[in-house]
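Here's the structure, in structure tokens; my notes come after.
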Amino acid sequence: MIEQKKIELPTAYEPQAVEGKWYRFWEENGYFKPRPQAAGRPTFVISMPPPNVTGALHLGHAITATVEDILIRYHRMRGDDTLWVPGEDHAGIATQTVVERQLANEGTDRHKLGREQFLERVWQWVHQYKSRIQDQHRRLGASCDWSRERFTLDEGLSKSVREVFVRLYEEGLIYRGERIINWCPVCMSALSDLEVNHVDTQGALTYVRYPLKPLEGQEGDATEYISVATTRPETILGDTAIAVNPKDPRYAKLVGRLAVVPVIGREIPIVADEAVESSFGTGAVKVTPAHDPTDFEIGLRHDLPRVQVIGFDAKMTTEAGPYAGQDRYEARKNLVEELKSLGLIVKIEEYTVPLGRCQRSDTPIEPLISKQWFVKMAPLATPAMGAVKVGLLKIVPERFNKTYMDWLENIHDWCISRQLWWGHRIPVWYCDNCGQMTVSREDVTVCPHCESTRLRQDEDVLDTWFSSWLWPFSTLGWPEVTADLQRYYPTTVMETGYDIIFFWVARMVMAGIHFLGAVPFQTIYLHGLVRDAKGEKMSKSKGNVIDPLEVMDEFGTDALRFTLATSSTPGNDMKLVPERIVGNRNFANKIWNASRFVMMATAEAGDGVPEISEVTPRTLADRWILHRLARLTGEATRLIDEFQLGEAGRQINEFFWSDYCDWYVEIAKVQMREGDEQAQRATAGILRAVLDQSLRLLHPFMPFVTEEVWQHLYRTSVADAAQWPAPALIVAAWPESNSAALDEAAESDFDLLQEIIVRIRDARNQANVEPAKRVQVILAAGSQLATLTAQAPLIEFLARTEKPQLHASLPEKPAQSMSLLAGSVEIYLPLAGLLDLDKELARLEKEIATTELEIARIQGKLANEAFVTRAKPEVVQKERERLVEQQERLNKLRERRAELAN
RNA sequence: GGGCGCUUAGCUCAGCGGUAGAGCGCUUCCUUCACACGGAAGAGGUCACUGGUUCGAGACCAGUAGCGCCCACCA
């Protein structure tokens, strides 16, 4: 017995009222967990890119969660053993900066607190924001397995990090060395190359002349000079050489001589080095090994001293003589003034420099020499390139292959030590007794070399990405050989924004191959960035950030998800325009109301929700909607498998709104009203079956409204829940395309019917016929007579006509009629009194013109022998048929014109 | 200095080798018993430009222009 005959549901979908309920229901029933019992089915695994614990989720996270959830839900419905591992990232510098800022507001700082207390403060922060991020992912509907949630700093992952550090050290791939590194004077830490953003900045190219030291016996002669160009005059104080290209004839005789550094008077050699480009500046370069990467290299080649004139605080050091203590830019200004007064400035040109800035604090980076830990990358990069080359790893969209390859080919060693407190502390101990260093998986309290206890652990922590790059396997328990690791590694898809290919994706590939001998995922799917309506990147400082929570509050999660999923194509950025979200909120409402109608209309007639393969079409419309659904199902499945989620979503939307709601549901009203009980039952069955299938197709995109509606549908149709095909839509089977339902004839017949109806409606509009008025209609249907006779009631209802009068042909055209053509079917609307002859003639003229144009086009094509012989035969055939059709049409139009003209 | 992407209806975007599409906006009409977060109909594009490939090109190739992004140790 059906539970309720009277179905009372609100007339508008209320997302806020249902979303939380269904998320809890899914989670409590364990649907987010993998189903290893799905034996024989493939695994489908995604490691969720862990959001930083620095704050709230933004739209970038929302699109990530949406896309991944679509893939996960789709595969879950297909019966795959599906696992989505969530987690969060401790985000070293980012988090430490935020908490330090908080401390500053309280008038204290981390040094006053001490390391231990400070870390406690950070953990407090983390706990608070971690749960906030979890909640937000729940709001987004993310069906990830929370029982497997990981944090990059939790015990297990810390173990992975140490394991990796020690192994790489033992393999000689991690080393400690004094190198020139990117130093952020605000974060007070070294950074990797990736954490430096280059920004074109208006600067100056200052030409400075250095006096040469006179040769022996030349004292007293006029001073000789050598000029150089620099964008950073303050580093002059740290110059230890001047370099020229060895092939440069201008300077050949100066090589080997000494120049004198202005102001401080240091005597420095003029050396020849290939790195110098003769065509730039003066062709001579000042060399400051302590403050420039190129100069550092030159310094190595020529064994030059390194004089550090800028300190880690970005102020001039005592080496800077009179400038000691000044800020680097202040010193620049002052020094240039002094050089001017000394007459040593040749000229100053405007010049644009790519200034490196800290990704976090936006501070100009200072290249400084410092002792840091590095990972030797080349040996790791080679196999990572190989994986893509041989196709073990597929990148979608493919064009990012080049980005990936280019970076790996030119890879530099990775500076992994950070002068911070928040992060994985470097597992290295130094003995104050014997001076030896110990690298260990376990904490060390006694020096293994001398048994002293005077040990100090390295003060620094590791780059935050040093834990992230292990994510796909560290989250599964590695280095332990857990059941999860064995079953779910390698994962299936890595889905993330293209902006972190280098930071994260490429490094994960390297780590996966190196430590587990297998690429960590089969496919890398890269989505674009979400921008504001003007196309600008969203950022807090610009104040154009759209908060996904606010969007969800106002329009519902499904609307946001559907918008994010369908607003662009893979790898392309999207502008988030509010109108689009509104439109998709409306779509959710459309789903709701169509479903509400179907449930109400079929409550009496229905028995259950039939399987789509079991329903029997009785009418043309039945055949047509089943055909359309079958084709859609095949297409949607293919598109999702190809990661064309947007196109899949758009097609499902179009089917549901246009085909199902606008046409089939309207037709079903006629079939339900006019048919006998059997017809009613059949129609009700199709209404429900197609709705059921549509909800399944939509579920990955819009999980909440579809689950809500699906549950209503089954509760009102199949009283015994044990009889349902699944306990919930989230675990219902993804539809199979029912190829038996494919029916091209139904499609073309229905197209004709639609055209007839649309033309009549249009004519009524043109003639200003009262909407409620039923008009007379006479059809000359030719060969379509039988088909259309059966559809007469639909024309009557949908075009609001009287009972159509159908004929094969009309020996005499109805007088005082508007005449229309749909395909080759002639339509006459006797509209005595309403017919405006001039208007009608004008309309005919216009139609004749377009038809003639079309005929000319086809004739031209067919007259082209190359086309007839070379084009595919079916294309040629189609054009021929079209020509006949159009000519027939033209004849009829002309006839009609002649009649009216009389 | 390299590399990549975009340029299709007023706006936001699909389409990617065989008659130009969607949503929003616009015009007209409709409170017909699922939905006005709705329905019906309509107007509106030389698919940036120039060459080429092809019987046929928004769609493929080459180049140009504008916009955007990424990488980069010519100081």
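A quick note: this is a predicted structure, and the numbers were derived from the prediction, not measured. Residue numbers begin at 1 in each chain, while the letters A, B, ... track the order of the sequences.
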message: Can you tell me how the ring of A:W657 sits relative to the ring of A:F587, calling it parallel under 30°, perpendicular over 60° and tilted otherwise?
response: parallel

- request: Quick one: classify the glycosidic conformation of B:G58 as syn or anti, with syn meaning within 90° of 0.
  value: syn

- prompt: How far does the P atom of B:U8 sit from the matching atom of B:U27, given to the nearest Å?
  reply: 24 Å

field: Protein proximity profile, nucleotides 32-46 of chain B - base contact B, sugar-phosphate-only contact S, no contact -, cut-off 4.0 Å on heavy atoms
entry: --BB-BSSSSS----

- prompt: If you draw a 6.0 Å radius around CD in A:E770, do more than 12 non-hydrogen atoms from other residues or ligands fall strictly inside?
  reply: no

- request: For each nucleotide in nucleotides 70-75 of chain B, reading 5' to 3', give B when a protein heavy atom comes within less than 4.0 Å of its base, S when such contact involves only the sugar-phosphate, and - otherwise.
  value: -SBBBB

Side chains of residues 10-17 of chain A: which donor-acceptor partners sit under 3.5 Å, not counting sequence neighbours?
from  : atom 1 : to     : atom 2 : distance (Å)
A:Y13 : OH     : A:V705 : N      : 3.4
A:Q16 : NE2    : A:D553 : O      : 2.7

query: Distance between the C1' atoms of B:A36 and B:A40, in whole angstroms?
result: 13 Å

message: Between B:C24 and B:A41, how many Å separate the two P atoms, rounded to a whole number?
response: 14 Å

field: Rounded C1' spacing from B:G68 to B:A48 in Å
entry: 15 Å

message: Please report the interatomic distance CZ(A:R179) to CG(A:L300), rounded to the nearest 0.5 Å.
response: 8.0 Å

- request: Send over the distance from A:D573 CG to B:C4 C1', rounded to a whole Å.
  value: 12 Å

message: Just the rounded figure in Å: distance from P of B:C67 to CZ of A:R531.
response: 16 Å

- prompt: Rounded to whole angstrom units, what separation is found between the CZ atom of A:F400 and the C1' atom of B:G5?
  reply: 8 Å

- request: Between B:G21 and B:C16, how far apart are the P atoms? Round to whole Å, please.
  value: 14 Å

task: Calculate the interatomic distance between A:K872 atom NZ and B:G17 atom P; express it in whole Å.
output: 10 Å

field: Exercise: identify the closest heavy-atom pair between A:R209 and A:P262
entry: O-CG, 4.3 Å

- prompt: Any side-chain N or O of A:T569 under 4.0 Å from OP1/OP2 of B:A14?
  reply: yes

- request: Name the nucleic acid region contacted by A:V875, choosing base, sugar-phosphate or nothing; use a 4.0 angstrom heavy-atom cut-off, strictly under.
  value: base

- request: For residues A:I369 and A:R306, report the shortest heavy-atom separation together with the two atoms involved.
  value: CD1-CD, 3.3 Å

field: Spacing of CZ belonging to A:R596 relative to OG1 belonging to A:T716, to within rounding of 0.5 Å
entry: 13.0 Å

- prompt: What would the secondary structure line of RNA chain B be in dot-bracket form, counting Watson-Crick and G-U wobble pairs under 3.5 Å, with [ ] for pairs that cross earlier ones and | for pairs with another strand?
  reply: ((((((((.[[[[.)..(..]]]].(((((.......))))).....[[[[[..)....]]]]])))))))....

message: Work out how far the C1' atom of B:G23 is from that of B:C37, and round it to whole angstrom.
response: 14 Å

message: With a 6.0 Å cut-off (strictly less than), is the heavy-atom count around CD of A:E554, excluding the residue itself, greater than 12?
response: no

Distance test, side-chain N/O of A:K575 to OP1/OP2 of B:C13, below 4.0 Å: yes

Write down the protein N/O and nucleotide N/O pairs, taken from nucleotides 19-22 of chain B, whose separation is under 3.5 Å; answer none if there are no such pairs.
from  : atom 1 : to     : atom 2 : distance (Å)
B:U19 : O2     : A:E854 : OE2    : 3.1
B:U19 : O2     : A:R882 : NH2    : 2.7
B:U19 : N3     : A:R882 : NH1    : 2.7
B:U19 : N3     : A:R882 : NH2    : 2.9
B:U19 : O4     : A:R882 : NH1    : 2.9

Interatomic distance where CD belongs to A:E865 and P belongs to B:G56 [whole Å]: 14 Å

- prompt: Mind checking the P distance from B:U19 to B:G52? Whole angstroms is fine.
  reply: 24 Å

field: Validation row: A:I242, A:V287 side chains within 4.5 angstrom (heavy atoms)
entry: no

query: Checking all strands, does A:S568 fall into the base, sugar-phosphate, or nothing category for heavy-atom contacts under 4.0 angstrom?
result: sugar-phosphate

- request: Indicate the atoms forming the closest heavy-atom contact of A:S278 with A:R250, along with that distance.
  value: O-NH2, 3.1 Å

- prompt: Rounding to the closest angstrom, what is the interatomic distance between B:G63 and B:G2 at atom P?
  reply: 13 Å

query: Nearest heavy-atom pair of A:E234 and A:L335: which atoms, and what distance?
result: CA-CD2, 4.0 Å

query: Which class fits the ring pair A:W592 and A:H712: parallel under 30°, tilted 30 to 60°, perpendicular over 60°?
result: perpendicular

- line: Shortest non-hydrogen pair, A:L639 vs A:Q651, comes out as CD1-NE2, 3.7 Å

task: Round to a whole Å and report the spacing from CD of A:Q877 to P of B:G56.
output: 21 Å

query: Separation of A:L564 atom CG from B:A14 atom P, in whole Å?
result: 14 Å

- request: Calculate the interatomic distance between A:F562 atom CZ and B:A14 atom C1'; express it in whole Å.
  value: 12 Å

- prompt: Quick one: side-chain hydrogen bond (donor to acceptor under 3.5 Å, both in side chains) partners of A:E854, sequence neighbours excluded?
  reply: A:R857, A:R882

message: Taking the ring of A:Y660 and the ring of A:F656, is the distance between their centroids below 6.0 Å?
response: yes

- prompt: When the nearest nucleotide of RNA chain B is assigned to A:F867 and to A:R650 on a heavy-atom basis, which residue is associated with the more 5' position?
  reply: A:R650

task: Could you walk me through whether A:E847 and A:R843 pass the salt bridge (Lys or Arg N to Asp or Glu O under 4.0 Å) test, one step at a time?
output: CA-CA 6 Å; A:E847 219 171 325; A:R843 199 178 56 78; 3.4 Å; yes

